[in-house]
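Everything on this sheet refers to the single structure shown next.
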Amino acid sequence: MKTIYLNNAATAWPRAPGVIEAVSDTLATPPSHPGRSVSAGTDVVRECRERLAGLLGGVPPSRIVLSTNATGALNLALLGIDLEQEASVVITVTEHNSVLRPLHHLAKKKGIRIITVGLDDTGALDEEAFEAAMASRPALVVMNHASNVTGRVNRVERFLQRAKAIGATTLLDASQTLGHRPVDAEALSADLVAFTGHKGLRGPAGTGGLYVNPALELEQVIVGGTGVRSDLMLHPPDMPMRLEAGTPNVPALAGLAAALRWLAQDGDAFCARERETARSLREGLKHIDGVRVADAASDPERVGIVSFQLRGWDVEEVGFVLSESFGVVCRTGLHCAPLIHKALGTVPAGTIRLSVSGFTTDEDIAVALDAVSSLAQ
Amino acid sequence: MKIIGADKLEDCFDGSVVFGYRFDEAWERETIMRLKSLGEVDYFPDFPRPFFRLRSKSGLQVKGVEGESTCRVIYSNEGKEVEKQSFEGLFVSG
């Protein structure tokens, strides 16, 4: 039985062409230590920084901090902003636990206040609620660029612009968008942008990063060896090493660099294909009796994610059957984003999530839809 | 068909417990139907790899795929000891 991989929102597969070879070649050759005093070979760390800076709208490469994943990047940002005691932070119901948990950690530790903006009747972020939240004079506004449950792209520009106008720092979680659609940090009014390398960028897991606006200086969360300025007892203050410490994951970054090269060349066509495939899947699911697509509106921009429930079946059971009986790999449950399920009415079980890529074929979609139809009968 | 191992996979919020069972041979239609002594069995022979599930009144659930030598069992909070005995008893006596 063929495996049909529809869990790209968790980790993209297959990887971008060239990734496996780049990782393998790096592991097979004597290690180079980019940025260290003796360095041989291609500086893939620098290449990643430069290409990521380009993807984020041409920001300075020195402001790209490389991390282990989006969670690592979000922790660098949220713990590095140095929020004052009882500071107000505005978030949305679409946030992932990689935002919620660090913030609740800070709520417990420093007493910060978390104000959550919900959805309006159309399923979009509630503008009135956001405006009301601005009255708390938030120190920080965090926004998810696209929901990892519904795939809906949040129209963050005007929200973040408004937040900046009242002096808040703005943090964009681009975990589900970078690589899938343009993410221009300046145009979106994002001071900080967190992203991962193993989803839309189609690189290896263990890669990711954080863009930090040149006007912003984060507190250091991780300190240690940098390979340069070894005489200093304190961690160097210069970006990007200010926020990086220890030997980088060079094999994975070599893979990410390869993925970024491929994306620069083939990304537009790939993403167009992905959007079309996701639309077919969404529309197909909506026509199966018993399927309830979460946030079913057809008009908003989305990344390649569709979530649903199936009448008469437990969510977890559908995932088991799709995977074990039909070879369709998906994900079930709350997807680490508990708040949006309350808004969607999909608590406590959550949803079955199918997430496509530009590699997903029409035949794959047909098999997945047939499988769901078989269960629905 | 003998049980060769059982691993606890999950503790659920409602107090139920999920186990993964391993057997010395694969599930066949005959062994699937034997579950009927414990409750209602749904069997989907037309799926590419036939799926089966058992649901008992007490809350016991068994899910698996014909041809596999594993299955997933959910014991309810209230009746887990009795349910465990009944389920495992099928194979001890079988």
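Naming convention: chains lettered A, B, ... in sequence-line order (proteins, then strands); numbering from 1 in each chain.
- Only the side chain of B:Gln61 comes within less than 4.5 Å of a heavy atom of chain A; its backbone N, CA, C and O stay farther away.
- Taking 4.5 Å as the limit, some side-chain heavy atom of A:Leu285 sits within range of a side-chain heavy atom of A:Leu354.
- Side-chain contact, B:Glu83 with B:Ser56: no donor N or O sits under 3.5 Å from an acceptor N or O.
- Checked against the 6.0 Å centroid threshold, B:Tyr21 and B:Phe87 count as a close aromatic pair.
- Of the possible polar contacts, none joining the A:Asn97 side chain to the A:Leu100 backbone as a donor-acceptor pair under 3.5 Å is found.
- Counting only N and O atoms by type, the side chains of A:Thr94 and A:Asn154 include a donor and acceptor under 3.5 Å apart.
- Residues A:Pro14 and A:Tyr5 fail the side-chain proximity criterion, which asks for heavy atoms closer than 4.5 Å.
- Within residues 273-280 of chain A, no residue has any heavy atom under 4.5 Å from a heavy atom of chain B.
- In this structure, B:Glu40 places its CD atom where only 12 or fewer heavy-atom neighbours from other residues, nucleotides or ligands lie under 6.0 Å away.
- Using bins of under 30°, 30° to 60° and over 60° for the plane-to-plane angle, the ring pair B:Trp27/B:Phe52 lands in the tilted bin.
- The shortest distance between side-chain heavy atoms of B:Ile74 and B:Lys63 falls below 4.5 Å.
- Residues A:Leu74 and A:Val99 form a side-chain contact, since some pair of their non-hydrogen atoms from C-beta on lies under 4.5 Å apart.
- When side chains are defined from C-beta on, A:Leu125 counts as touching A:Leu119, because their heavy atoms get closer than 4.5 Å.
- With a 6.0 Å radius and a threshold of 12 heavy atoms from other residues, nucleotides or ligands, A:Lys110 has its NZ atom above the threshold.
- Residues of residues 362-377 of chain A lying under 4.5 angstrom from chain B, judged on non-hydrogen atoms, are A:Ser374, A:Leu375 by number.
- Shown are B:Val62, B:Leu38, B:Thr31; of these, the side chain to side chain contact (heavy atoms under 4.5 Å, CB included) with B:Leu90 is made only by B:Leu38.
- Using a distance-only test at 3.5 Å, with no hydrogens or angles considered, a donor-acceptor pair links the side chain of A:Ser147 to the main chain of A:Thr150.
- For residues 323-349 of chain A, heavy-atom neighbours of chain B at less than 4.5 Å comprise A:Glu324, A:Ser325, A:Phe326, sorted by residue number.
- Residues of residues 309-322 of chain A lying under 4.5 angstrom from chain B, judged on non-hydrogen atoms, are A:Gly312, A:Trp313, A:Asp314, A:Glu316, A:Glu317, A:Phe320, A:Val321 in numerical order.
- Of the possible polar contacts, none joining the B:Arg55 side chain to the B:Gly39 backbone as a donor-acceptor pair under 3.5 Å is found.
- If you run side chain to side chain contact (heavy atoms under 4.5 Å, CB included) between A:Arg353 and each of A:Val306, A:Asn7, A:Val149, only A:Asn7 comes through.
- Counted within 6.0 Å of CZ on B:Arg29, heavy atoms from surrounding residues, nucleotides or ligands total 12 or fewer; the atom is thus considered open.
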